[in-house]
Asker: 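Before I ask anything, here is the structure I am working with.
We count ligands from 1, going down the list as the structure has it; atoms in each ligand are counted the same way. All residue numbers refer to positions in the sequence shown, counting from 1.
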Amino acid sequence: MFCKSSLITVALALLATASPIAQPEPVAEGITIALPKRSSLTKADGTFDHDRAIIQTTRTINKHRQNLINLKANRGEEAFNPGAEIKERAVLPEHLAKRQSESLTDQEDDTEWTGTISIGSNNQQFVIDFDTGSSDLWVPNASKCKDCTSKHTYNSATSKTSKAQSGTFSIGYADGSSTSGPIFTDDVTVAGILSTNQYLAAVTDLSAFSDDPLDGILGLAFQDISNLNAPPFFQNAFSEGAVPSGAFAFNLASTGSTLYLGGTDTSLYTGDVEYHDVTNSGFWQATGGSAVVAGKTVVSDFQTVIDSGTTIMYGPAADVKKFYAAIPGSTEYDTKNAMYSFPCDAVPDVAFNWGGKDWAITADNFNLGTETSGSSQCVGALSGQDLGLGAGVWLLGDSFMKNVYTVFDVSQNAVGFAELK
Ligand SMILES: *[C@@H]1O[C@H](CO)[C@@H](O)[C@H](O)[C@H]1NC(C)=O
């Protein structure tokens with residue numbers, strides 16, 4: 001359950017721990033940011049929220065489509081993974097587009113991990129989603145914004161540290177709409193960690209996010225997929241010496257989720273971090289992944305993008321078909337969206353492996369709930385979807401990240417997994 005009052009509590013808690021003015025000392029150690037609990041794609045009655053899953057999938061397709069457009073603009077198509085292509089923008093079916101644009105007062109359904117940041121000399125506060133699957137910081141515009149009444153908005157005029165930059169930021173949404181805005185640099189502080197002259201944009205239409213408690217997104221991937229073609233927050237803060245290490249780490253738990261900026265929180269995991277080099281694609285992409293079902297490798301040697309801004313997991317349609325073929329009793333439950341189900345009384349043992357340990361996905365994290373009320377088939381958190389990211393590229397979102405301590409290291413160019421305590 002996630003409501004406005006818990007957001008405010010988090011905001012206040014962060015305010016109390018952050019330095020009051022946007023000129024803090026560089027932090028000596030890393031800093032923990034509490035992230036509100038996320039609800040899942042499972043409704044309160046245990047059934048799978050099919051509509052919301054389709055909205056999430058559409059958003060995911062369009063987010064990565066935008067990433068590829070940005071990558072092409074910044075580095076050219078040569079930087080694409082083999083087989084990658086910019087797909088048509090995905091559009092929601094009409095009834096879902098309508099549902100999505102209804103302004104909901106109920107904010108229990110949040111599906112991103114959010115936290116608070118402050119922008120400008122006057123510490124304007126925002127609730128944002130920390131997204132390892134994109135690279136820009138954007139928030140709503142204070143003077144002009146559609147469907148922003150429940151949002152915190154950015155006023156560049158009242159911040160003494162804001163500077164207008166050339167160019168325009170643009171982003172396409174799941175409902176087929178897009179929005180844009182001018183580009184600024186300003187001081188941005190996350191839990192006391194300051195990034196000066198941080199590139200950001202303020203957008204003028206948030207109708208596609210009106211059912212979401214977030215104000216904006218803070219991208220944690222690489223500059224190559226930035227629409228602003230500018231250093232993302234963490235890289236900028238690290239190069240300015242504001243954090244003691246080039247690593248940040250997520251612990252996405254059912255209670256007490258955190259993001260640690262500037263190292264790893266050793267109290268949260270055991271053993272070593274198993275690191276894998278990231279390929280030079282702009283994404284947190286590790287190679288050599290395999291999918292394991294009931295102890296048997298069913299698909300191997302694929303690329304994996306680790307994305308905290310995506311709810312479930314996606315693989316190429318043919319690979320995902322093979323994956324479920326290894327699970328007795330599984331069926332393709334939604335052929336249009338390549339969603340599969342399996343017998344609820346036999347949740348499969350599934351894991352991913354990058355040449356080291358098997359990183360298992362718990363039954364709770366793999367099972368998204370029953371197809372319908374009383375059904376004995378349950379929907380799996382892996383769906384077949386060609387996101388355009390390249391041949392054999394899988395996208396592992398929170399359904400995977402919730403099972404491990406995930407470390408993103410910009411100085412080693414590596415992503416790592418460790419066993420949660
Ligand atoms: C907000 O929109 C107004 C009107 O289009 C524009 O003049 C202003 O620069 C925008 N502010 C930001 C922070 O983007």
Asker: Is any side-chain heavy atom of E371 closer than 4.5 Å to a side-chain heavy atom of V379?
Answerer: yes

Asker: Using the test side chain to side chain contact (heavy atoms under 4.5 Å, CB included), find all partners of S159 that sit at least two apart in sequence or belong to another chain.
Answerer: S121, N122, Q124, T161, S162, D186

Asker: Just by distance, do the side chain of R65 and the backbone of K87 share a donor-acceptor pair under 3.5 Å?
Answerer: yes

Asker: Would you indicate whether the side-chain heavy atoms of D307 and W284 approach each other to under 4.5 Å?
Answerer: no

Asker: Tell me whether S281 contacts the main-chain N or O of N81 through its side chain, where contact means a donor paired with an acceptor under 3.5 Å.
Answerer: no

Asker: Short question: side chain of S245, backbone of A247 - any donor-acceptor pair under 3.5 Å?
Answerer: yes

Asker: Under a 4.0 Å heavy-atom cut-off, what residues line ligand 1?
Answerer: N141, S143, K144, Y154, S156, P182, F184, A202

